[in-house]
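Worksheet: the structure to be examined is printed underneath.
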2 protein chains.
Amino acid sequence: MKIRVILADDHRIILAALSSLLARTADIEVIGEATSGAELLEMLTRMQPDIVVTDIAMPGMTGLEAARRIAEIDPDLPVLALSGHTDKHFVLGMFNAGVRGYLVKSAAGDELPRAIRAVAAGDTYLSGEVAGALAEGVRAGHTAERAGPRLGPRELQVLTLLAAGKSSKLIAMELQISPATVEVHRRNIMRKLDLHSVAELTKYAVREGLTDP
Amino acid sequence: MKIRVILADDHRIILAALSSLLARTADIEVIGEATSGAELLEMLTRMQPDIVVTDIAMPGMTGLEAARRIAEIDPDLPVLALSGHTDKHFVLGMFNAGVRGYLVKSAAGDELPRAIRAVAAGDTYLSGEVAGALAEGVRAGHTAERAGPRLGPRELQVLTLLAAGKSSKLIAMELQISPATVEVHRRNIMRKLDLHSVAELTKYAVREGLTDP
DNA sequence: CGCCGACTACCGGTAAACCGGTAGTCCCGT
DNA sequence: ACGGGACTACCGGTTTACCGGTAGTCGGCG
C-alpha cells in the first residue's frame with residue numbers, strides 16, 4: 001500500500017524536482033501536483049491523498065492560510081510543511097494551524113521520505129534545526145513568554161505581507177477577508193509591538209525572520 | 001557526450017530533488033553537488049564541469065559574489081542562475097557578473113534541461129518572466145551597463161531616514177529643507193530603484209547596510 | 001459562567017504617502 | 001555651450017496609512 005501524496009509548490013521547477021525525488025521511493029506515490037494554494041484546495045475536493053506536502057511560501061495564499069483551509073476541509077488529513085527558514089514564531093503558528101510536520105529545505109534529501117512516512121503514520125515530524133530553535137525558545141522560558149509580545153497566526157500573516165510592501169487592500173484580497181479587518185490586524189500589531197510605521201514593522205519582520213531583507 | 005553539471009543549492013532537499021530531476025535526462029550528468037558558495041568554489045578547483053547550475057540565494061555568499069568568483073576562476077565556464085524572484089536590477093547585475101542564463105523557479109520543470117543545454121552550448125538563456133521585466137527596463141532607458149542605480153548623497157540620507165520610520169515632514173526638519181523637497185527625493189529614489197512602498201525601501205536600505213534591521 | 005484575546009467587520013476622521021506636472025540653480029562632462 | 005543629473009521647491013490630485021470608536025462570534029481560562 002503506497003502512501004498517496006499531493007505536492008504543492010509555486011516554483012514549478014522545484015515541484016517537478018521534488019516529484020522526481022519521491023518517484024524514486026517505492027512506497028510513496030505522488031497523485032497530484034499543485035502550483036498554488038487555491039489549486040491545492042481545489043484538488044483536495046476531488047482527491048483523497050494520505051498526506052499533503054506543501055511549501056509554506058506561495059503567492060496568493062500563505063502557508064498558514066493554506067493549513068487552516070485544509071483543516072477546514074479535512075481535519076484528519078496530515079500536512080507536512082516545507083520551509084526555507086526556522087523562525088520559531090512561524091513554526092509554532094503552523095503547528096497551531098494544524099500542520100503535523102515541519103521540514104526545512106536545508107535538511108538532507110532522505111529526510112523528506114522519512115518525514116512523509118512519519119506524518120502519514122500519524123506521528124509528528126520536526127526537522128532537527130527547527131527543534132533546536134524551539135528548544136532554545138523553551139529553554140529561555142521568559143524570552144518566549146514576556147520579551148516577545150505574542151502575535152496571533154493571522155497577525156503574523158498580515159505582518160509578513162505588510163513587510164512585503166503590500167497595501168491593506170491587497171492583503172485583504174490575498175487573505176480573502178475585508179480590508180477593514182486587515183486594518184484592525186495592523187493596528188493591533190502596531191499596538192502590541194509599539195511600532196507605528198510600516199518601515200519599523202518591516203525591520204521587525206526582518207529581525208524575526210518572517211521575510212528576507 | 002553528456003553535459004557535465006555541478007549543482008549548488010543551500011537547501012539540501014531541493015538539491016537532491018533537482019539532481020533527481022536531471023538524472024532522468026539522458027544527456028545531462030550531475031558530477032557534483034554543493035550546499036554553499038564556498039563549497040562550490042572549492043569544487044571548481046578540482047572538477048571541470050561543462051556548466052554550473054546554482055541557486056542565487058545562499059547564506060554566506062550572495063549570487064552576485066559567487067558569480068564574480070566563478071568568473072575569476074574560469075571566465076569561460078557557463079553559469080546558469082536559479083532564482084525565485086524577477087527583480088530586474090538583480091538580473092542585470094547577475095548578467096554583468098558573468099552569468100549566462102537566468103531561470104526563475106516558477107518556470108515549468110522541462111525548462112531546466114532546456115536552459116542547461118542552451119547555456120552549455122554557449123547560448124544565453126532567459127526565463128520568459130524575466131525577459132518581460134528586462135524589456136520594460138530597456139524601454140525605460142535602463143541599459144545593462146548601469147545595473148546599479150546610483151543614488152545621490154542627499155537621496156541616501158533621505159532613504160536612511162525613511163527606513164528609520166520617519167515621515168517626510170520629520171525628515172525635512174532634520175535636513176533643514178522643505179517637506180516638498182523630501183517628497184521629490186523619495187519619489188526619485190522610488191523611480192530609480194523601481195520600488196514603490198516604504199516597506200520595500202526599508203528592506204533595500206537593510207540590504208545595502210544603510211540601517212540595521 | 002464571565003472575562004479576555006483573536007478574528008471578523010464597519011464608521012468617521014486627519015495625516016501622510018504616492019503620483020503627475022513645472023521650475024529654478026548648480027555643477028559636471030561631452 | 002549645451003545636456004543632464006542633483007538639489008531645491010511648489011501645485012494639484014487620489015490613495016493609503018493611521019487612529020478613535022463600536023460590535024459580533026468563537027474558544028480558552030480562571
Side-chain angles (χ1 to χ4, degrees), chain A residues 62 64-65 67-69 71-72 75 89 92-98 145-146 148-205, chain B residues 140-143 145-146 148-202 204-205:
Chain A
T62 66
L64 278 166
E65 176 76 8
R68 293 162 121 240
R69 297 275 199 99
E72 284 174 12
H89 293 125
L92 288 173
M94 289 298 287
F95 273 99
N96 285 337
E145 295 302 323
R146 273 187 338 201
R150 292 171 310 185
L151 299 179
R154 207 55 158 172
E155 291 169 334
L156 283 175
Q157 268 185 303
V158 172
L159 174 55
T160 304
L161 293 170
L162 278 172
K166 312 197 176 193
S167 69
S168 294
K169 195 179 292 182
L170 272 176
I171 295 172
M173 288 192 290
E174 291 203 16
L175 298 182
Q176 297 282 297
I177 56 180
S178 159
T181 305
V182 177
E183 274 284 300
V184 175
H185 283 313
R186 182 169 49 74
R187 285 160 59 180
N188 286 336
I189 293 168
M190 286 178 161
R191 180 179 43 79
K192 288 182 184 178
L193 301 178
D194 194 28
L195 303 175
H196 301 87
S197 70
V198 179
E200 291 174 296
L201 287 182
T202 301
K203 289 193 287 184
Y204 178 85
Chain B
H142 294 81
T143 59
E145 286 75 22
R146 30 185 303 261
R150 301 162 316 193
L151 297 180
R154 207 58 158 172
E155 290 170 334
L156 284 175
Q157 263 184 311
V158 172
L159 175 55
T160 304
L161 293 169
L162 277 172
K166 312 198 176 192
S167 69
S168 293
K169 196 179 292 182
L170 273 175
I171 295 172
M173 287 192 289
E174 288 201 19
L175 298 182
Q176 297 284 301
I177 56 180
S178 161
T181 304
V182 177
E183 273 283 302
V184 175
H185 282 314
R186 182 169 49 73
R187 287 160 58 181
N188 286 336
I189 294 168
M190 286 177 162
R191 179 178 45 79
K192 288 182 185 178
L193 301 179
D194 194 27
L195 302 174
H196 301 88
S197 70
V198 178
E200 291 174 296
L201 287 182
T202 302
Y204 179 86

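Only a predicted model underlies this, so the values are computations on that prediction, with no experimental measurement involved. Computed over heavy atoms, backbone and side chain alike; hydrogens, waters and symmetry mates excluded. In the text below, chain A, chain B and the rest are named by the order of the sequence lines, each starting its count at 1.
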[X] [atom1] - [N] [atom2] separation (whole Å):
X: I189(B); N: dC18(C); atom1: CD1; atom2: P; value: 11 Å
X: Q157(A); N: dA6(C); atom1: CD; atom2: P; value: 15 Å
X: I177(B); N: dC26(C); atom1: CD1; atom2: C1'; value: 16 Å
X: D194(B); N: dC18(C); atom1: CG; atom2: C1'; value: 15 Å
X: N188(B); N: dA9(D); atom1: CG; atom2: P; value: 14 Å
X: M173(B); N: dA16(C); atom1: CE; atom2: C1'; value: 13 Å
X: L151(B); N: dG5(D); atom1: CG; atom2: P; value: 14 Å
X: L170(A); N: dC18(C); atom1: CG; atom2: P; value: 13 Å

Checklist entry - Where is the tightest heavy-atom contact between K166(A) and E174(A), given as atom of each residue plus distance? => result NZ-OE2, 2.6 Å

Checklist outcome for this item: CG (L159(A)) and CG (L195(A)) are apart, to the nearest 0.5 Å, by 9.0 Å

Checklist entry - Once you round to the nearest 0.5 Å, how far does CG of L151(B) lie from NE2 of H185(B)? => result 11.5 Å

Checklist entry - Does any N or O in the side chain of T160(A) come within less than 3.5 Å of the main-chain N or O of L156(A), such that one atom is a donor and the other an acceptor? => result yes

Checklist entry - Could you walk me through whether L175(A) and V158(A) pass the side chain to side chain contact (heavy atoms under 4.5 Å, CB included) check? => result CA-CA 9 Å; L175(A) 298 182; V158(A) 172; 4.0 Å; yes

Item to check | Distance below 4.0 Å between T181(B) side-chain N/O and dA9(D) OP1 or OP2 | outcome: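 For T181(B), the contact criterion (side-chain N or O under 4.0 Å from OP1 or OP2 of dA9(D)) is met.
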
Next on the checklist: Taking only side-chain N and O atoms of H185(A), does any of them lie within less than 4.0 angstrom of OP1 or OP2 on dT8(C)?
Outcome noted: yes

Checklist outcome for this item: The answer to which of P179(B) and P153(B) contacts DNA chain D further toward the 5' end, by nearest nucleotide, is P153(B)

Next on the checklist: I'd like to know whether K203(A) forms a salt bridge (charged side-chain N to carboxylate O under 4.0 Å, His left out) with E200(A), so could you lay out the CA-CA distance, the side-chain angles of the two residues, the decisive distance to 0.1 Å, and finally the verdict.
Outcome noted: CA-CA 5 Å; K203(A) 289 193 287 184; E200(A) 291 174 296; over 6 Å; no

Checklist entry - Between dC10(C), dT8(C), dC7(D), which one does the side chain of A180(A) approach most closely? => result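 Of the candidates, dC10(C) comes closest.
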
Are there any protein N/O atoms within less than 3.5 Å of an N/O atom in nucleotides 13-21 of chain D, and if so, which ones and at what distance?
from: dT16(D); atom 1: OP2; to: K169(A); atom 2: NZ; distance (Å): 2.9
from: dA17(D); atom 1: OP2; to: S168(A); atom 2: N; distance (Å): 3.4
from: dA17(D); atom 1: OP2; to: S168(A); atom 2: OG; distance (Å): 3.1
from: dC18(D); atom 1: OP1; to: V198(A); atom 2: N; distance (Å): 3.4
from: dC18(D); atom 1: OP2; to: R186(A); atom 2: NH1; distance (Å): 3.2
from: dC18(D); atom 1: N4; to: E183(A); atom 2: OE1; distance (Å): 3.3
from: dC19(D); atom 1: N4; to: R187(A); atom 2: NH1; distance (Å): 3.3
from: dG20(D); atom 1: N7; to: R187(A); atom 2: NH2; distance (Å): 2.4
from: dG20(D); atom 1: O6; to: R187(A); atom 2: NH1; distance (Å): 2.9

Next on the checklist: The test is salt bridge (charged side-chain N to carboxylate O under 4.0 Å, His left out); show your working for K192(B) and E155(B) and say whether it passes.
Outcome noted: CA-CA 11 Å; K192(B) 288 182 185 178; E155(B) 290 170 334; 2.8 Å; yes

